[in-house]
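Here is how names work: the chains are called A, B, and so on, in the same order as the sequence lines, proteins then strands, and each is numbered from 1.
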Amino acid sequence: MRIGVFICHCGSNIGGTVDCAKVAEKAALFPDVVYATDPMYTCAEPGQATIESAIAEYRLDGIVVASCSPRMHEPTFRRTVERAGLNRYMLEMANIREHVSWIGKDVESNTNKAAELVAIAVAKLRGNTPLHSKSFEVNKRVLVIGGGVAGIQAALDCADGDIPVVLVEREATIGGKMAKLDKTFPTVDCSACIVGPKMVDVAQHPLIALYALSEVEEISGYVGNFTVKIRKRAPYVDWDKCTGCGACSVKCPSKKTPDAFNEFTGVTTAIKVAFPQAIPKKAVITAAHCRQMSRGKCGVCAKVCPTGAVNYDMEDVIVTEEVGSIVAATGYDLMDWTVYKEYGAGRYPDVITSLQYERLLSGSGPTCGHIRRPSDGREPRIIVFIQCVGSRDRSIGRPQCSGFCCMYTAKQAVLTKDHLPESQSYVFYMDIRAPGKMYDEFTRRAVEEYGVEYVRGRVSCVYPDGKGAYSVMGVDTLLGRPVEITADLIVLAVGIEGSRGAGELAEKLRISYDNCGFFMESHVKLKPVETNTIGVFLAGVCQGARDIPASVAQGSATAAKVLGLFARDRLENDPQIACVDMRRCVACGKCVRCCPFGAIEEVSVRDEQKAHVIETVCQGCGLCAATCPQGAVQLAHSTDNQILAEVNTLCRY
Amino acid sequence: MPVLEGKELRIVGFLCNWCSYGGADAAGVGRAVQPTDLRIIRVPCSGRVDPIFIVKALLNGADGVLVSGCHPRDCHYSAGNFYARRRLEVLKQFLPVLGIDEARFEYTWVGASEAQLWQHVVTTFTNRVHALGKAPRFDAVEPLLKIADMALTALRPLGTGKNAALPKLKEAIKAKLPELECVIGWQQGYDEARTVPLFARTPQDVDKFVWGPFNVNNPAVYLPTFRGKKVGIVVKGCDARSVVELLQENLISREDVILFAMPCEGTLDMARIGEKLGRYTTVDAVVCDEASITITADGKEHRFCMADFAQGKCYGCATPLAALSDVSFGAPVDVKPVSATPPELALLDSLSLPERMSFWRGQMGKCLRCYACRNACPMCVCRDYCVSDSRDPHWMSQLADEREKLFFQTVHAFHLAGRCTGCGECQRACPVGIPILALRQQIGRVIEQLFESYKAGTDPAAAPPLLTYMPQEKNIHERGWK
Amino acid sequence: MNDAIVITQRDTVFMKDVDAQSSQKVSACYQCGNCTAGCPASFVYDMQANQIMRGVQLGLKEAVLNCRSLWMCLSCSTCSLRCPNSIDVAAVMETLRHMARRQNRITVPNVEKFWHSFLDTVRVCGRTYEIGVMALYILRSLRVFTDLDLAPEVLKKNKLPFMPHVVQNGGAAAIGRIMRRYKERAEREGVRP
Amino acid sequence: MKTTVAYYPGCSAHGFSVDYEKSTQAVCGALGIRLNDIPDWNCCGSTPAHAVDTELSAALCVRNLDNAVKADANELLTPCPSCLSNLRHAAKRMEDPRFRARVDELLDNPAPAVFPEVISVMQGIARRFDANALAERVKKPLKPLRLATYYGCLMSRPAEIMDFGDPENPTLMESMLTACGAEVVDFPLKTVCCGASFGIPERAVTARLSGRILALAADMRADALVVACPLCQMNLDLRQKQAEHAADAIFAMPVLYFTQAMGLALGVPPGRLGIEKLRVNANGLIDKIEAAASGSTAPVEGSRP
Amino acid sequence: MNAIRFLPSDGLPALLSCLVKTGRRILAPVEKPAVKSSVVFEPWSEGKPLTLQKATVPAKEAVLPQCETLLSYRQTKNADTAALNLDDTPNAQPTVVFGARPCDACGYAVLDRPFLQGPFVDPYYRARREQLVVFTTTCGSGCATCFCHWLGGGPSSPEGSDVLMTEIEGGLVLQSVTDKGAELLNSMPPAAKLADGAPVFRQAEEARKKAWASLLPAPDIKSARQAIAGIFSDANFWQEQTDRCLSCGACTYFCPTCYCFNITDEGDGYEGGQGGRRLRSWDNCMSSQFTREASGHNPRTDKALRMRNRVSHKYSFYPENWGAASCSGCGRCVCNCPVYLDIRAIVLAAIKHAGDK
């Protein structure tokens, strides 16, 4: 090999604390190095030209650039060597800026360290070989998981772009959390009225296949070619026949069924359509509360159904869909608020969550929009809102801000005054986070026009005062005094977490998720909708707290990503992937067992079982290479011999 | 390359490209001043870091090795670091048996944005390594030879298997023989005091079968070579564990093996027997009673009590009869398993870290690299493609160097991690008596402690612990960097 | 008193000392006030718990170590229990009190006098002895009328024995030795015993 | 392992909480739990010792633990939450070798390596008798009584040291009293501080804090408060007048030790429980129990003295 | 020239230190304590204990080390020139192997033929062999795994030795059997504690006779060469004989007559890098890699074929070329084999099998 080494000064960024000329001088003595120099700015045009001309002049077939992090300029220099006629992978970089010049001032140590980093880059480069990508076809269909507002937007935008969409929703209706809200901030317009038409669009779009009451069971494959198994849970009603007329629900004798749609603030019937605007507008039986199904006696709904749609014997169905891309838009759930024992959360009936309060405010809710205390049905007079319950609380492992609580609390306080003009609301807050358009103005209106009392401080505890009300022990840190309020109703702004089962879904999608069940984006700033699994995108709160407009925007953003991905008919893989040396392979199956991507299969070669890497699925993590005992699986450009060469360069008596 | 004399120590870092390398970049961007010792090797994922790279570095002059990856659950490849966490924790707890201070190796998780954490990790680790000082050179320590204490008490009475149902076994084997390629068992070796494996293909062969404490070989080692053919095998309890482990790893298939199980009453430590017999020309007679065996050689009688001359593994054996079998003679003996440290490991436990290094240097000095240890191991799957003498990958030098020899043993031990059933054939096969079983035992002990008392070869359906993971590991308590 | 605080001149070492001695991270406090909200003694505090935490963050050593609240803390740990940042506020309070004592800043002498009365009884008898504590405390604080209203009740109920219980088997002497060693060490180290 | 129990009464057992001590002895006697005093025990140092110096506090505690070890005990029971807290804190802090060394300097001889587990008498009883076992032994159910439980602040806090269940809402005493037949109200202030040792130097603090607790108990129509701490009992009972004075209200709320309440249920004569030592007369409660036990209906209202 | 000396039992260290003073490296058997103890040859130095037991590992390394550097090289570069420094000096020093057994010594004779007497002389081997003096301890008895007398050797066979040492009461009788041996014995100073051995030589002869008498009768294996060659293609025979073989290298690595080697180049060859070296290390014909070709093709994939090669080499090919077996009958391949695979049994079976045919 004929190697050229370029030690970048990066102006004084590197040159200031590293003797670059000396590093180049040392590098010239390294194995296979035939040329070494130290340009001022290697990434700049003249610097790149130096590389190109050196490749020609010295017939170089491998290049080491010692400069900034490869995470910064590896693509740049790959293009450079490619322009000069080399394979783009015949490049190695030594990071002598972020890892050397910027973290220490001692020139002697830095120079020596830089030279050693160059030495290991040279050692590694000597094991490089030209690599070439493979191309493969793309199945231009998309799966959207979750039919909340973000998923709806993503589905509609994709479908409008002529991409067939499979939309999977766990609940019986799409609409997500937004469908449960009474009003939206800061305009205080009706939530159901604005999401409703979009839900109808989904139902009517010819390119959208909607699976409600369904969950993703299994995902295999890779970008362009995913195979998804979807479990359609049995609604015990034949949806092809059901017209959503509601006759069943009227006659259902099991009227004490807990009402999940109303956040358990009320009861409902065992068979019902989730809510009047539900999409699909189809009835579902809650098996556990259905008398026919739990006790074998009743059958009223089957009798009254005009189309004979009720079928108690229905079973789950698994359907398989082939798609080329996946959008996860699974939203959120409230964290387990009962950990707040000091507020009697879950213990005292009049201490409720903000989402429950939303249902109490809603005209379609259990109280038909009249605010009544759950304990005794009385109209509350003093209402206390407590912010940050399960947010910004490290003691229970929830350090993050849930983002939208400040705003909906202001909205709820305003609505409370609208509903109950005699009432007085108090909001205990730590900071008011209102960075959206017209948001801060809205909170000011709550205070100035609606007389909502904002008290700056947390609440230590809530307890029943023995007289039917509750003592709220708080603090006003602005005054530096504890405060105490006797309240009728306490609304907790409960923090959010990734929706139930998000972790399992993440593992099926092979994407990462954080401690709160939120999916991890590929780059927090620059790739906010991409994930580490190519072809899987994120929309809405499943990625982290955000409000409705942001969720909608992100839904559209994922659609743009999907459309961009599908603009090409074929995709190319990264060739830095694993490869099996068939001769060494003894088919012990260890690599197959632990590959996180299912990228290794066993194939029969001349009657012998051998491992084989599916090139388009392999992501190049190298776990197989670390697992194979005889070293039959090697990861291109991170082979055992290359890493050993690096180790041996450094560690030698 | 030599380190900067007096200034730096040799510290090697393996950083995953996505998180920790990014974190180190972020620390640089933030001008977070750090000690200069660390040399970073960029790898795609912490899962790529085979623990033996680390051993290689530590045996060849590294004073410290640091591996850093994405936080668990935040792996760019979704699960690489989960595997890494298991493997690296096993390595960390394994290192002391070699005489290497485990503080010289650390693994951690640093995210791409955690510049401060990275600075803290590097500073803390570098300071820690400096506090430990330069790592001792393996080939510079004085050899030390120590002998394991073999005065042990068995969990159950050991015997000679005198009353075993050998005729019945032979009958049963003869009945099955027509459908089998062969049946593997034991026959007499070059004299009456040795047995060797027998591959019975005919009823006449079956008559050569013997049963008793001389049946030391583990016949399971031959099974994978018959892959695809149906064979029978006579097993002691310990041999059956190897069979189960082979089944666990799909290296053989259940329908291809017929197991004939006999309750084992213990096997003899032929090394110690040989020592006592000394140089002799002829064995005149071997006579056994229930608890002892008398060998008459060149007219001289030697009596060996099973309780005193059994193999080390027999003393702690709680499964004398195979747990898995097709044809079984005898009832399982009710022995309560007791977790006792095996003698070889107990010896190492009793030594200080420097003594352990000296010990291995002394022991490996005898090694001729004949690889009898490897080839006698039933779990060695690589067979003809062992990394010991391959050039791609080129893990080992051919130099007759104790360091390379110990390195091979470490590689073998690591390839057996979570798979070794402790049959001890490696050590028994060693012609120069190197107690290499201790390395496997240490790994076995670590695995047992980390993974819910996992014992290899006890459950055909269990996943070997290093080939699986849990998102939340119960017993791996990662060290904070406070 | 209400002069602006020149925060650039604050005592930056102070927070580090407090952190180190209490094993807490005071900088984690974001002033939600929950410690104050739950504090049963807040009404007698001159500086609320959250303000003390803020004072430590700002390095207002004088204000913090001289405040009355340190001496009025009941050590009930409610603040620690409720802190969303898992700061053991009670431990910080105790640390500050120890610091204040070591520097002879005894803002509420009665409380300290009570402690000393208590410990003196223990030193002599090995155990406490209420009348003794009371008597010593009255002597020290010159508060003759403290709890005098209770005396008839207590005596009537025969709840306060007049004779001290002295620990048998030389236990009292052993306690005396512990106390002496403690005192000697404190003097050696130059802190208020 | 065989459990050998040692008992640490705490100084107040021979002082103002002699009734707690009496009833503890009586209840344990009735249940067959032997309480052997730690030989030569000394004061744990209470609040003043740790308020002054944690090492001093630990030294005083460790001497007791050491004596318990010498008496071969591996479990140590104490009725007093303050003593419990100090002993447990000391044991925990001694895990730090530097702290241990400093404490050893103060002691006559170095502390033992392992200490017995220190638990409250309440836990000690609960470990041996679950609710069913306790209910079986009840002779006179506390059925007619509506009781409010009060633990104080030390028993359950800090949770990681005290290991007394949910620090916000401990329920051990409730389950025991329910087993004794009583109606137990869910008393929200059960772990709120009563004013602790400030009764002497700053009595206003105590009066106000105790007042709030007593007022809520009265509002919740409790017949009595049941406590487990000598200091709480003193503040709520002995100082109830001071609290009433500060609150300008009349509470007349009997404050029993839980051992006294249990003793009554187990049929121990009131005299052996020190009921007469309570400042707020509790005879009305005894009358109610007796009445219920003898089958006659006792007057429900206005039975309080 | 002949020298016979007597060395009293306590005189060993004195003799050895005199030998050291001649500038020679003394390789002497040392016992390595272990649960399974072993005896290996190690350089002797003052004060080091030694044993005269038969060693577990023969002293082959004196002429053919487990691994030797044939040559080392370093490429040096500066701005304009490049140079290669190469060093292929054989690594040899004058050596005395002290306490070998006749079978070990016979091994040297077996190795000498291909390395020194063929068309190509191996300079590395020669350098060491020429400077080697072998002091052999005659055996006091036979042994269950020993069969030197089947091959023309015996407990006091002198082939390959320079001095024979026989244990008698009170010490050792040293008898030179070559001029090299006699010269060295004669050059020993009085400090070596050597006395005239002629008066006690008789006792030595008696001891040797006694040893011979303890041997079991040897079968006639003269026909082995033809027999083995004759059944070369009888796959079943070799298969049955090798069923239990594990394909490890214990038999070859512990053999005093095996000389197959492998050559490996290691390092990067650069001055600034790791340098380069060409290594010669023992190879093992029982391993499948022994014959694996660069293409991946392997003519001997099966262990039966490899065993056939080993037995044939020792008893057929080598005798064909050199007129003697390349086996000294030391039995180490039998007793060190993890499955006690017995070459004697194979040879006898081959003779019988050929006869049956």
Quick one: are B/Arg272 and E/Val35 in side-chain contact, heavy atoms under 4.5 Å?
-> yes
Chain B heavy atoms under 4.5 Å from E/Asn298: which part of the residue, side chain, backbone, both or neither?
-> neither
Given a strict heavy-atom distance threshold of 4.5 Å, which part of E/Arg280 is in contact with chain B: side chain, backbone, both, or neither?
-> neither
Is chain E contacted by the side chain of B/Asp384, its backbone, both, or neither, given a heavy-atom distance below 4.5 Å?
-> both
Minimum-distance pair of heavy atoms, taken over all atoms of E/Ala34 and B/Gly433 = CB-O, 3.7 Å
Between E/Cys139 and chain B, which part of the residue has a heavy atom less than 4.5 Å away: side chain, backbone, both or neither?
-> side chain
Atom group of E/Thr145 that falls short of 4.5 Å from chain B, counting heavy atoms | side chain
Okay, E/Ser281 and chain B: the region with an atom under 4.5 Å from a heavy atom over there is side chain
Among residues 363-381 of chain B, which ones touch chain E with a heavy-atom distance under 4.5 Å?
-> B/Lys366, B/Cys367, B/Leu368, B/Arg369, B/Cys370, B/Tyr371, B/Ala372, B/Asn375, B/Ala376
Basic-acidic side-chain contact under 4.0 Å: B/Arg201, E/Asp243 = yes
Ranked by heavy-atom pairs below 4.5 Å to chain E, first place among B/Thr282, B/Ile184, B/Thr225, B/Leu399 goes to B/Leu399
Could you tell me which portion of E/Thr56 (side chain, backbone, both or neither) has an atom closer than 4.5 angstrom to a non-hydrogen atom of chain B?
-> side chain
Distance (rounded to the nearest 0.5 Å) between E/Gln239 CD and B/Phe199 CZ = 9.5 Å
Decide yes or no on side chain to side chain contact (heavy atoms under 4.5 Å, CB included) for B/Tyr222 and E/Leu246, but give the supporting numbers first.
-> CA-CA 8 Å; B/Tyr222 299 106; E/Leu246 296 170; 3.8 Å; yes
If you count heavy-atom pairs under 4.5 Å with chain E, which of B/Ala271, B/Pro197, B/Cys182 comes out on top?
-> B/Pro197
At a heavy-atom separation under 4.5 Å, does E/Cys146 approach chain B through its side chain, its backbone, both, or neither?
-> side chain
Side chain to side chain donor-acceptor pair (under 3.5 Å) with E/Glu240: which residues, sequence neighbours excluded?
-> none
Quick one: are E/Arg277 and B/Ser397 in side-chain contact, heavy atoms under 4.5 Å?
-> yes
Given that the side chain runs from C-beta out, which part of E/Arg332 has a heavy atom under 4.5 Å from chain B: side chain, backbone, both or neither?
-> neither
Go through the atoms of E/Val39 and report whether side chain, backbone, both or neither lie under 4.5 Å from a heavy atom of chain B.
-> neither
